[in-house]
Amino acid sequence: MPKQKERVRARSGFAEGDMTPMIDMTFQLIAFFMVLINFTEADQHERIRLPTSELAQPPDAPLEDAITLQLTKEGTILLGGEEFAIERLGVPLRREREVLEATPGKSVGRATIVIRADMRAKAGRVQEVIQECQKTGFERFALRAKQAERRSS
Amino acid sequence: MKVRHSERSGEKVQLQMTPMIDIVFQLLVFFIMTFKIVSPEGDFNIRMPIAAPSEGIPDDELQIPPIIVRLRATGTGHLSEIRMGETPLGRDFGELNQEVRRIVGDTTGPNIQDAAEVEIDADYGLQFEYVMDAITAVSGYVGPEGNVIRVCEKIKFAPPRPEP
């Protein structure tokens, strides 16, 4: 009987495939990509190639009041979509400080400056960035590195 | 009412799959397009208090002079030599790690380890990746089970050298 029904359907131009396996697979794919999607990559930049370190591991808790500065290999700073020379970094940093001071429970001393420096950037430039931040009152710094494959030593 | 009646009386209810499949494919395309493999990143904390150590309030911790790690650069910004204090260590960060472990002692108890401080003194033009290698070498090592064993948590930079 079912065969007869199919034949009738085929004759009427209405053939129906079984969609269930395809939908199953599609949902699995969606679930896979949803789980792996990373929206926090907003602070990453394609111009910056981070140095690698086998001890770098993602922190258990996010840093308190982190401000991310990206140092390019040319020695400029990327902050909030704008590019600054290190000498001019004081202007946006003072703005950040004002925002922090205006927010209850936050202070410059407790904020962390995360430096994402390119692996080819000069060490002296990184130190200049730290000095500029110190002039504005920032004291906590974190140097960011990409996690490398671990080998026991 | 008539329509409902005729639907119920049928053997099989026909679900309209097309809109759902449309949306599902749109979602799938969105996730595929935005998918990017990102390797995990981690931070190394650097202690750079604004007050110079001599002006600061002395803390109760055991005071040990910092271990000075000198990194010399070639003209092109590559590493030419590592020195720990006066000891030349060639260009091997593994050796630097061994030296720091020997001095700080990763098994001698927490006191020295907590107080030990490393000061990195790098040439201006040295590429940052070598500085990161030095920070990695002094902060710890990977144990036999793949776990990270910390050696020195306090790292700071020496005053910057002038640009050549």
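So that the names make sense, note that chain A is the first sequence line, chain B the second, and so on, each numbered from 1.
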Name the orientation class of the two ring planes belonging to B/Phe35 and A/Phe32 (parallel below 30°, tilted from 30 to 60°, perpendicular beyond 60°).
-> tilted
Hey, quick one: are A/Leu93 and A/Leu78 part of the same hydrophobic cluster, counting side-chain heavy atoms closer than 4.5 Å, chains of contacts allowed?
-> no
In Å and rounded to the nearest 0.5 Å, what is the CD1 to CD1 distance from A/Ile115 to B/Ile46?
-> 8.5 Å
Could you tell me the separation between the OG1 atom of B/Thr34 and the CG atom of A/Leu36, rounded to the nearest 0.5 Å?
-> 11.0 Å
Measure across B/Phe44 and A/Ala56 and return the closest heavy-atom pair with its distance rounded to 0.1 Å.
-> CZ-N, 4.0 Å
Give, as side chain, backbone, both or neither, the part of B/Pro162 having an atom under 4.5 angstrom from any heavy atom of chain A.
-> neither
Side chain, backbone, both or neither: which part of B/Asn147 has a heavy atom under 4.5 Å from chain A?
-> neither
Are there more than 12 heavy atoms of other residues, nucleotides or ligands under 6.0 Å from atom CZ of A/Arg88?
-> no
Heavy-atom distances under 4.5 Å only: say whether B/Ala73 touches chain A with side chain, backbone, both or neither.
-> neither
Decide yes or no for A/Met22 and B/Ile21: does some side-chain heavy atom of the first lie under 4.5 Å from some side-chain heavy atom of the second?
-> yes
Of the backbone (N, CA, C, O) and the side chain (C-beta and beyond), which part of A/Leu55 lies under 4.5 Å from a heavy atom of chain B, both, or neither?
-> both
Heavy atoms from other residues, nucleotides or ligands near CZ of B/Arg161 exceed 12 (cutoff 6.0 Å) = yes
Inter-residue atom distance A/Gln127.CD - B/Ile120.CD1, 0.5 Å rounding | 9.5 Å
Examine whether an atom of B/Ile135 lies under 4.5 Å from a heavy atom of chain A, and if so say whether it belongs to the side chain, the backbone or both; otherwise answer neither.
-> side chain
Tell me, do B/Pro160 and A/Gln131 make a side-chain contact under 4.5 Å, heavy atoms counted?
-> yes
With the 4.5 Å side-chain cut-off for hydrophobic clustering, are B/Val131 and A/Ile86 part of the same group?
-> yes
Under a 4.5 Å heavy-atom cutoff, which of B/Ala122, B/Gly140, B/Pro159 has the most pairs with chain A?
-> B/Gly140
Please check if A/Ile113 and A/Leu50 belong to a single hydrophobic cluster, counting links between Ile, Leu, Val, Met, Phe, Trp and Tyr side chain heavy atoms closer than 4.5 Å.
-> no
Are B/Ile149 and B/Ile103 linked, directly or through other ILVMFWY residues, by side chains that come within less than 4.5 angstrom of each other?
-> yes
Between B/Met132 and A/Ser53, what is the shortest heavy-atom contact and its length?
-> CG-CB, 4.4 Å
What one should report as the nearest heavy-atom pair of A/Pro51 and B/Glu129 is CB-CA, 3.9 Å
Region of A/Ile130 that comes under 4.5 Å of a non-hydrogen atom in chain B | side chain
A/Thr52 portion near chain B, given a 4.5 angstrom heavy-atom threshold | backbone
Can you tell me how far the CG atom of B/Leu27 sits from the CZ atom of A/Phe33, to the nearest 0.5 Å?
-> 12.5 Å
Can you say whether A/Arg49 sits under 4.5 Å from chain B via the side chain, the backbone, both, or neither, judging by heavy atoms?
-> neither
Can you tell me how far the CZ atom of B/Phe128 sits from the CE atom of A/Met119, to the nearest 0.5 Å?
-> 10.5 Å
Minimal heavy-atom distance between A/Lys122 and B/Tyr124, with the atoms involved, is CB-O, 3.4 Å
What about B/Met20 and B/Val29, same hydrophobic cluster or not, with Ile/Leu/Val/Met/Phe/Trp/Tyr joined at side-chain heavy-atom distances under 4.5 Å?
-> no
Contacting moiety of A/Met19, where chain B heavy atoms sit under 4.5 Å | side chain
Any side-chain heavy atom of B/Val148 sitting closer than 4.5 Å to one from A/Gln57?
-> yes
By a 4.5 Å heavy-atom criterion (distance strictly below it), what part of B/Val24 contacts chain A: side chain, backbone, both, or neither?
-> both
What distance separates A/Leu143 CG from B/Thr136 OG1, expressed to the nearest 0.5 Å?
-> 10.0 Å
Scored by heavy-atom pairs under 4.5 Å with chain B, the best of A/Arg140, A/Arg125, A/Lys73 is A/Arg125
Proximity breakdown for A/Ile23 and chain B, heavy-atom pairs closer than 4.5 Å = side chain
Between A/Arg144 and B/Glu41, which heavy-atom pair has the shortest distance, and what is it?
-> CD-OE1, 3.0 Å
